[in-house]
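Down below is the structure, laid out as structure tokens.
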Amino acid sequence: MLEQALRTHFGYDSFKPGQEEIIEALLSRQNVLAMLPTGTGKSLCYQLPALVTEGLTIVVSPLLSLMEDQVQQLRSSGMKRVASFNSFQTREERKRTSSLLPQLDLLYTSPEMLQSKWLLERLEHVTVAHFVVDEAHCISHWGHDFRADYLRLKQVKKQLGDPPCLAITATATPRVREDICEQLDLRHRLDVIHSVNRSNIYLQVEQHERTMAKLERLSLLVGTLQHPGLVYVQSRRQSEELASRLKETHPHLRVSHYHGGMENADRLLIQQQFMADQLDLICCTSAFGMGLNKPDIRFVIHYHYSLDMASYIQEIGRAGRDGGPSLALLLSTPEDVGQAKAMLERGRLQASDLDWLLAPLQEGEALADDWFEQRFEAFGAGNGMWKSIRFLLEQLGAINEGVVQPLDRYALTEALAQKLTNRYAEREERLRAFLSWTERTACRREGMLRYFNEEPLSQHPCCDKCGGDLTLFQAKEKNHRPDRFSWQEELALLFGEREEQRDGGPYS
DNA sequence: CGAATGTATCCTAGGATACATTCGGTGCACTAGT
């Protein structure tokens, strides 16, 4: 019966590993925590149930671009009872969508939008069949820092009658999985956890003495490796500078940059050019890549340290979706350690800062919606930190329905400082663990898998510690056919002459 | 931690130098005036 639906709605004959299990659990009204490797059809796990069940499936997605992509994709394949609800749409469009709710199968929206009373009231009059959190690791990675509305999803879910919930992601450490379940209150659930290992990605770390040497190494690699590829850097400015530098030194390469400070239109353009094979290389910050579904990325180079193993795996996991041999390389210098640590320190609040920030709170005062935002701006702390503090204060009972409760100021600051201290300590521990992985003398894959509580496995080629050679990834054979060759055969094929220089093309 | 920017000081006056300060990533939603 499920296969029938799979065939009629999606045109596939059989399920990929994990899919059927997840779908059956959802249909029997069970909660599910799922970790499936990228490219194994995660979205089908909730799209199919949404189509065969009465009621609305709500999908919480972290990025507007992802929502719009998915909706467009579904619509173009004939599924019309699908919509998104976010700030991308006009007020009128949103009104229209809300009036159509009872007839919809799928609604994509953001955690922030689900805080809108207006929307919630309308959702309460609809039968919600499933509550889905896509890219669920964001709950843990972003929820505690600058998107606190991720932590309010538990309440939203409850308000919607506690429908069966699916939290799905490609990469979550055991600790993050625990956090996801806690934040979504996922009890009595099925866990479908597949390995994070990507056997076609070769792992290497190189320590260089000086920045100059690191840059020269990068330049050399970029000129010889098979494309397309990504270079992850620490800052926005660096992504721009590095891109323009590489453009100069490698005029035949089509290079661009990408970061969160760019105009939406530019970001979209770069992403589309990359997808359409009009770019060979993108120098980017961590803003680039989520939801990116390009199958043939051949290398991901880190020009700085990631702040934790999970982020690193997310980023390198964008390589080799086609199963073809791909390279994950981290280039570092001793001074990069300090910069990574500084990144964590940034915006760290001390007890005295909390004293200042909370000083004006008066018992019984009804706070304006933007009170925290204003206060944090006056303090000089940008982005969404205020959301996190406000959330914690609500949790501690200091604020209820926007009204300041009777408070023991000293005890409150203490409790808050303690929570923040714990959070900072966790982040430091995650960075420490990642740094020690980069300094490993034994197999890197083994270290990575152990971090995910997985049993190590041996494979060849594996990583620089197991003996390997980057010449294997040098450009030459253009038409590799991953479906027809094993990993070993591919590598054998890769041995040979370099790819000819190609013509320039349209690039920014 | 280190790179970039800002400020003070030198003293035939604007350009060099030294020291101090700031900043560095990830996204949603929204305003108000056209």
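Below, chain A is the first sequence line, B the second, and so on; all start at residue 1.
In terms of phosphate contacts, Ser235(A) brings no side-chain nitrogen or oxygen within less than 4.0 Å of OP1 or OP2 of dG24(B). Dashed line: the shortest gap from a side-chain N or O of Arg236(A) to OP1 or OP2 of dT26(B) is under 4.0 Å. One finds a side-chain N or O of Thr285(A) lying less than 4.0 angstrom from the OP1 or OP2 phosphate oxygen of dT26(B). Side-chain nitrogen and oxygen atoms of Arg237(A) include at least one within less than 4.0 Å of the OP1 or OP2 phosphate oxygen of dT5(B). Checking the phosphate oxygens (OP1, OP2) of dG27(B), a side-chain nitrogen or oxygen of Arg267(A) falls inside 4.0 Å. Phosphate contact (OP1/OP2 of dA29(B), side-chain N/O of Ser110(A), threshold under 4.0 Å): present.
Taking atom CZ of residue Phe85(A) and atom P of nucleotide dC28(B), one finds them 15 Å apart after rounding to whole Å. Distance CG (Leu66(A)) to P (dT26(B)): 16 Å, rounded to an integer number of Å. Between the CD atom of Glu335(A) and the C1' atom of dC1(B) there is a distance of 8 Å, rounded to whole Å.
Using a 3.5 Å distance cut-off with no hydrogens or angles, the side chains of His250(A) and Asp280(A) do not pair a donor with an acceptor.
Between Tyr232(A) and His304(A), the distance separating the two ring centers is not shorter than 6.0 angstrom. For an aromatic pair to be called close, the ring centres must be under 6.0 Å apart, and His227(A) with Phe299(A) satisfies this.
With both ends at atom C1', the span from dG14(B) to dT9(B) equals 13 Å, rounded to whole Å. Atom P of dC30(B) sits at a distance of 22 Å from the matching atom of dT26(B), rounded to the whole Å.
Comment: Arg152(A) engages Glu394(A) in a salt bridge, judged by a side-chain N to carboxylate O separation of less than 4.0 angstrom.
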Could you list the donor-acceptor pairs under 3.5 angstrom formed by side chains in residues 164-176 of chain A, with sequence neighbours left out?
unit_1: Thr169(A); atom_1: OG1; unit_2: His137(A); atom_2: ND1; d: 2.8
unit_1: Thr169(A); atom_1: OG1; unit_2: Thr171(A); atom_2: N; d: 3.1
unit_1: Thr169(A); atom_1: OG1; unit_2: Thr171(A); atom_2: O; d: 3.4
unit_1: Thr171(A); atom_1: OG1; unit_2: Gln314(A); atom_2: NE2; d: 3.4
unit_1: Thr173(A); atom_1: OG1; unit_2: Val176(A); atom_2: N; d: 3.2

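Looking at DNA chain B, the stems built from 3 or more consecutive Watson-Crick or G-U wobble pairs, each pair with its key distances under 3.5 Å, are B:1-10 with B:15-24.
Ring-plane geometry between Tyr108(A) and Tyr46(A) is classed as perpendicular, the angle between the planes exceeding 60 degrees on a 0 to 90 degree scale with a lower cut at 30.
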